[in-house]
There are 2 protein chains.
Amino acid sequence: MAQRQPGVPTRADDLTAKARIRNAALDLFAAHGVDATSLRAVAAAAGVTVGLIVHHYGTKEALREAVEFAIVEQFAETIASVPLGSYPPDQIAAERDRAVAAMLSANQATVDYLRRAILDGSAQRGDLVSRLSRLSAQQVHDLREAGVASTKHTVGEQVVTIMVRQLGRLFLQPLVDRIADEFADDTGASGRPHLVVDVSH
Amino acid sequence: MAQRQPGVPTRADDLTAKARIRNAALDLFAAHGVDATSLRAVAAAAGVTVGLIVHHYGTKEALREAVEFAIVEQFAETIASVPLGSYPPDQIAAERDRAVAAMLSANQATVDYLRRAILDGSAQRGDLVSRLSRLSAQQVHDLREAGVASTKHTVGEQVVTIMVRQLGRLFLQPLVDRIADEFADDTGASGRPHLVVDVSH
DNA sequence: CGCCATACTATACAACTGTACAGACGTTGG
DNA sequence: CCAACGTCTGTACAGTTGTATAGTATGGCG
């Protein structure tokens, strides 16, 4: 085998090997779960050897953390793509929601990974869910500073509402789809049912 | 070690070894996932050796199927515990819903296992979700025969509604709890947020 | 009693896991 | 030019996995 990127990482075929490994890991972790995904499977999908994964990330756990870090980055960048001044104050929140929804629907692997992460719920500080929650909290805080967001509820309540409405529908959709498929011939052409997920305080 | 149940399985300490294995498997599968649970862990939890699991169930896959079969049975029995004649026709459906909800809240492991099963979504016929869907469909069918259930929607739509409303809240609750915990000191004593899950056709 | 079916243990094994490590290659800085 | 460095491969290893199997004990039944 020829080595692809010797010396300083050039971007010959689109992506660094390190990035390709991380992307392949996200896809496989999302599809089959972290435990059920071997480093060898990741290596094969990324077109590298197991040794290189260890070289770049050290351990499987560290690779998982890198994947989660990338997901948080993805959220942060998406939110930052709709800065405070870009829309009338009363539309910022809605516009950010739309941006996040668009990002998620374009990255099924991210959604699938998140679903598993929340499910397994390690519940430890520094967790993926914790970090996303803090990101949401920061967003709520910013909007309040700008005098936009309501202060009728606590920040915690607003974060729960944002995250559950954003993610809840995505998590439950597979269940709806499964059952809809089950009765596909029966449902008539009435189309997919529409999910409603919300929280009340 | 002394063997516990020689010959015909007596019910010396509460349960057959075979049943203890199945229960232990349900608990561990629910808590950590099937893949992450070794037969040795199941054996230890059930107080038997690995060999006995193989003896009774053959393969890990067969053990998983036995666990799922037991779950379906649990649903079926719960529904059957509220027979058609036991309540006024217009209350049967609601009463059965209540019975299922009570059964689920008393069996956290079942809920957790179901959450994982739906998540992984093997999407194959004979699947756990498929079997539960068919159970729901049967229920809807029965209620229609008795002239109780509405025929305004298709059976498929009604099954989706039943399953999503039953299970959706249970699946999303961990997410809500996680975030609520994250902001526990912030939320004030406003109590846990209440989840709303529904489908519209 | 003798015999067999069953419940059960113990050990063994091949496959696969994550991790470690030695080295090959090409680039870069002095 | 050459030593140092980062990227990358290949192999090796100890631990764990699911499964197979040989063997032991025990109760029921002729």
Side-chain angles (χ1 to χ4, degrees), chain A residues 1-29 31-68 116 120 122, chain B residues 1-29 31-68 116 120 122:
Chain A
M1 290 278 175
Q3 5 245 102
R4 287 162 198 267
Q5 268 81 266
V8 162
T10 65
R11 261 122 222 169
D13 30 311
D14 200 19
L15 275 166
T16 303
K18 191 172 180 180
R20 261 184 301 133
I21 291 171
R22 184 166 36 70
N23 290 347
L26 170 59
D27 286 343
L28 291 176
F29 287 174
H32 311 111
V34 178
D35 286 320
T37 302
S38 69
L39 288 187
R40 279 157 183 84
V42 175
V48 300
T49 57
V50 200
L52 192 61
I53 299 183
V54 176
H55 169 67
H56 278 304
Y57 294 98
T59 65
K60 187 183 186 180
E61 173 63 16
L63 173 59
R64 213 209 69 228
E65 281 169 16
V67 166
E68 299 201 346
R116 290 185 188 275
D120 287 328
S122 48
Chain B
M1 292 275 175
Q3 3 247 101
R4 287 163 198 266
Q5 268 81 268
V8 162
T10 64
R11 261 120 222 169
D13 30 309
D14 199 20
L15 275 165
T16 302
K18 190 172 179 181
R20 261 184 301 133
I21 291 171
R22 184 168 34 72
N23 290 347
L26 171 58
D27 287 342
L28 292 177
F29 288 173
H32 311 110
V34 177
D35 286 319
T37 303
S38 68
L39 287 186
R40 279 157 183 85
V42 175
V48 299
T49 58
V50 200
L52 192 61
I53 300 183
V54 176
H55 169 67
H56 279 305
Y57 293 98
T59 65
K60 187 183 186 181
E61 172 64 15
L63 172 59
R64 214 208 67 228
E65 281 169 16
V67 167
E68 300 202 346
R116 289 185 189 275
D120 286 327
S122 48

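Worth knowing before you read on, the calculation uses all heavy atoms, side chains too, and leaves out hydrogens, waters and symmetry mates. We name chains A, B, ... by the order of the sequence lines, and we start the count at 1 in each one.
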Checklist entry - Base, sugar-phosphate, or nothing: which does A:Ser38 touch, judged by heavy atoms less than 4.0 Å apart? => result sugar-phosphate

Item to check | A:Asp35 CG - D:dT17 P separation (whole Å) | outcome: 11 Å

Item to check | Whole angstrom value for the distance that separates P of D:dG10 from CG of A:Leu39 | outcome: 17 Å

Next on the checklist: Looking only at the side chain of B:His56 (C-beta and beyond, no hydrogens), which of the listed nucleotides C:dG18, C:dC8, D:dC8 gets closest?
Outcome noted: C:dC8

Item to check | Side chain of A:Ala17 - closest among D:dC8, C:dC8, C:dT17 | outcome: D:dC8

Next on the checklist: Using a 3.5 Å distance criterion without hydrogens, assess whether the side chain of A:Ser38 forms a donor-acceptor pair with backbone atoms of A:Ala41.
Outcome noted: yes

Item to check | Shortest non-hydrogen contact between B:Ala43 and B:Thr49, atoms and distance | outcome: CB-C, 3.8 Å

Checklist entry - How close or far is atom P of D:dA20 from atom NZ of B:Lys60, stated in whole angstroms? => result 15 Å

Checklist entry - Name the one of B:Leu26, B:Thr37, B:Val50 that satisfies side chain to side chain contact (heavy atoms under 4.5 Å, CB included) with B:Val42? => result B:Thr37

Item to check | Between D:dG6 (P) and A:Leu52 (CG): distance, integer Å | outcome: 14 Å

Checklist entry - Can you check the B:Ile53 CD1 to D:dT17 P distance for me, whole Å? => result 12 Å

Item to check | Selection from C:dT9, D:dT19, C:dC8 that lies nearest to any side-chain heavy atom of B:Thr49 | outcome: C:dT9

Checklist entry - To the nearest angstrom, how far is A:Ile21 atom CD1 from D:dT7 atom C1'? => result 10 Å

Next on the checklist: Would you compute the distance between atom CG of B:Asn23 and atom CG of B:Leu28 and round it to the nearest 0.5 angstrom?
Outcome noted: 11.0 Å

Checklist entry - Atom CZ of A:Arg64 and atom C1' of C:dG18: how far apart are they, to the nearest Å? => result 15 Å

Item to check | Atom-pair distance (NE2 on B:His55; P on D:dA22), nearest Å | outcome: 16 Å

Checklist outcome for this item: Sorted by position of nearest nucleotide on DNA chain C, 5' first, the leading residue of B:Arg40 and B:Lys18 is B:Lys18

